[in-house]
Amino acid sequence: QVQLVESGGGLVQAGDSLRLSCAVSGGTFSNYAMAWFRQAPGKEREFVAGIRRSGGNTAYADSVKGRFTISRDNAKNTVYLQMDNLNPEDTAVYYCAARLSSTVLAGTFHYNYWGQGTQVTVSS
């Protein structure tokens, strides 16, 4: 069974940075496209960033483009989300997701496995 475990969330101030990590076990990490989603209170879960299984191509939501960077280390079975210049609108639970495919898609229903989430809170 594939398991995803996120870490790195916390409480920060506007303008600060955080790096989220997602460690994957129980499967062949390089077979999965990986993505980060987030869900704020009262809102639907939304796509944040994704990376192909080779790591060669990435995709971002417009709201985070230029501030967030997704990367992966296939040797460590880990995907990262570097978040810079955070603002209060970035406050949410952030989820890591894995899709048994080479390509990244934005819909939650395309992903086979999910982590439990990590809270990111940005104060103004």
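Basis for what follows: all heavy atoms, side chains included, without hydrogens, waters or symmetry-related copies.
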| query | Will you find, in the side chains of T103 and R99, an N or O donor that is under 3.5 Å from an N or O acceptor? | reply | yes
For residues 26-36, please give each side-chain donor-acceptor pair under 3.5 Å, one per line with the distance, not counting sequence neighbours.
residue: W36; atom: NE1; partner: Y80; partner atom: O; Å: 3.4

| If we only count heavy atoms from C-beta on, is the V2 to N112 side-chain gap below 4.5 Å? | no
| query | Are V79 and F37 linked, directly or through other ILVMFWY residues, by side chains that come within less than 4.5 angstrom of each other? | reply | no
| field | Candidate list T118, V64, L81, test side-chain contact (heavy atoms from CB on, under 4.5 Å), partner R38, passing option | value | V64
| Would you say the side chain of L20 lies within less than 4.5 Å of the side chain of M83, judging by non-hydrogen atoms? | yes
| request: Answer yes or no: is there a donor N or O on one side and an acceptor on the other, between the side chain of Y113 and the main chain of C96, under 3.5 Å? | output: no
| message | Could you check whether any side-chain N or O of N74 sits under 3.5 Å from a backbone N or O of R53, counting only pairs where one atom can act as donor and the other as acceptor? | response | yes
| task | Would you kindly confirm whether Y94 and F47 end up in one hydrophobic cluster when ILVMFWY residues are joined by side chain heavy atoms under 4.5 Å apart? | result | no
| request: State which residues pass ring pair (Phe, Tyr, Trp, His ring centres under 6.0 Å) with Y95; sequence neighbours excluded, sorted by chain then number. | output: none
| query | Is there a donor-acceptor contact under 3.5 Å from the side chain of T91 to the main chain of V122? | reply | yes
| query | Within the distance-only criterion (no hydrogens, no angle test), does the side chain of E6 pair as donor or acceptor with the backbone N or O of G117 below 3.5 angstrom? | reply | yes
